[in-house]
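In what follows, a single structure is set out as structure tokens and then discussed.
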Number of protein chains: 2
Amino acid sequence: MLKLSTKGQYGVRAMFEIASGYGRGPITIREISEKQDVSVAYLEQILNKLRKSGMIQSVKGPGGGYVLSREPDRISIGEILRELEGPVAITSCLDPKEGCLRVEGCVTHLLWKSLGEKIEGFLDAMTLDDLLKGNQVIEIKKKEKNRQPGKNRAALTFVR
Amino acid sequence: MLKLSTKGQYGVRAMFEIASGYGRGPITIREISEKQDVSVAYLEQILNKLRKSGMIQSVKGPGGGYVLSREPDRISIGEILRELEGPVAITSCLDPKEGCLRVEGCVTHLLWKSLGEKIEGFLDAMTLDDLLKGNQVIEIKKKEKNRQPGKNRAALTFVR
DNA sequence: ATAATAGCCTAGTAATTCTGTCAAGTATTA
DNA sequence: TAATACTTGACAGAATTACTAGGCTATTAT
Ligand code: FES
Ligand code: FES
């Protein structure tokens, strides 16, 4: 459940490659394709969307390719994914384009909403720079054993 | 992005209705259907899966319906969703049934993995009892203004 | 100039998943 | 034995996903 489409996944990996060349000239689609095992044609589609959003720029002609428009620590994973897959919307009720008829009285609306906000917070806090530095692993303060539903209320608190 | 299927959503809402009758006899599919606006036929499919997993039991014949097999505070939302939609697997690489060929060297594997673990932690900590009591809203300690990628490292810490 | 390089853009499509419906059961109780 | 209620499997239309194909445009080195 809660799968990300390949477009989002490939997009992040492509952005990683472009970021890895930050300050050292453009990266071509072909390079990305080879390093990340994604077809050139598919990458074109993906990078096109990302370019239109302004987070990368293209350089045409020989020696061309793609470069980041901003520093790697100012491009978040959340931003990339939102561009490629739309906003986080656990349910269609939370999708700005759809909306919900029976919000009031709905017993789960707030549940999905707060989960979505947490996910978005996570994705927005993680940047390309983190990936470059290998900071994918997030610190978990206490490792819990024998997790029991309802017994660990603290897990519901998200600290900022 | 990251949508939950209707099966999962309806499943949780159906379980809420069954939980609301806990200790007061069975709830029929028809009742759930009316209160939650889901067709009887579709609910049958959903409840069947949940029954096979053991978290609810059915009572046949007149006056029958469904009852919880455990107290509402011992059935988590995560458990319900896992039964209906399979394990949390942001990417197919994280899906136990699929697996990944290029885990080592993959720059995003751990990212998706840790996100998945956080989501699962959230869902496993939330129970039917919380829904019954209206505890869907999760405390967020500090509300952040002008969120900037990379500037709020603390957001990456999940406290237990 | 012009050829080579590299990105740009639009369609289309096969496969899969989602979101249900339908119909013919079986079990239980008043 | 009639009424209630769950059980099961098949199936179909709609939507989405995950691509591929093919032609076009811009830039630069020679
Ligand atoms: S039905 Fe839309 S919020 Fe629950
Ligand atoms: S490709 Fe499977 S983990 Fe990244």
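Letters A, B, ... are given to chains in the order of the sequence lines, protein chains preceding strands, and every chain is numbered from 1. These numbers come from a predicted model, not from an experiment.
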Does [X] use its side chain to pair, donor to acceptor, with the backbone of [Y] at less than 3.5 Å?
| X | Y | answer |
| --- | --- | --- |
| A:Arg51 | A:Ile56 | no |
| B:Asn48 | B:Gln45 | no |
| A:Thr28 | A:Gly65 | no |
| A:Ser69 | A:Gly54 | yes |

Student check: side-chain heavy atoms of B:Glu83 and B:Lys52 closer than 4.5 Å: no
DNA chain C contacts made by residues 58-66 of chain A, counting heavy atoms under 4.0 Å: A:Ser58, A:Val59, A:Lys60, A:Gly61, A:Pro62, A:Gly63, A:Gly64, A:Gly65, A:Tyr66
Residues in contact with DNA chain D, drawn from residues 41-57 of chain B - heavy-atom cutoff 4.0 Å: B:Glu44, B:Gln45, B:Asn48, B:Arg51, B:Lys52
With sequence neighbours excluded, residues passing ring-ring contact (aromatic ring centres under 6.0 Å, His included) with B:Tyr42: B:Tyr10
In one Ile/Leu/Val/Met/Phe/Trp/Tyr side-chain cluster, 4.5 Å: A:Leu131, B:Val103: no
Within 6.0 Å of NZ in B:Lys113, more than 12 heavy atoms from elsewhere: no
Note: A:Arg82-A:Glu79 ion pair, threshold 4.0 Å (strictly below): no
Under-4.0 Å salt bridge between A:Asp95 and B:Lys3: yes
Positional range of nucleotides in DNA chain D within the contact set of chain A, heavy-atom, under 4.0 Å: D:dA18 to D:dT28
Any side-chain donor near an acceptor of the partner, A:Ser5 and A:Glu85, under 3.5 Å: yes
Residues forming a side chain to side chain contact (heavy atoms under 4.5 Å, CB included) with A:Pro26, sequence neighbours excluded: A:Val59, A:Val67
Net bend of the helix from C:dA1-D:dT30 to C:dA30-D:dT1, end axes of five pairs each, nearest 10 degrees: 10°
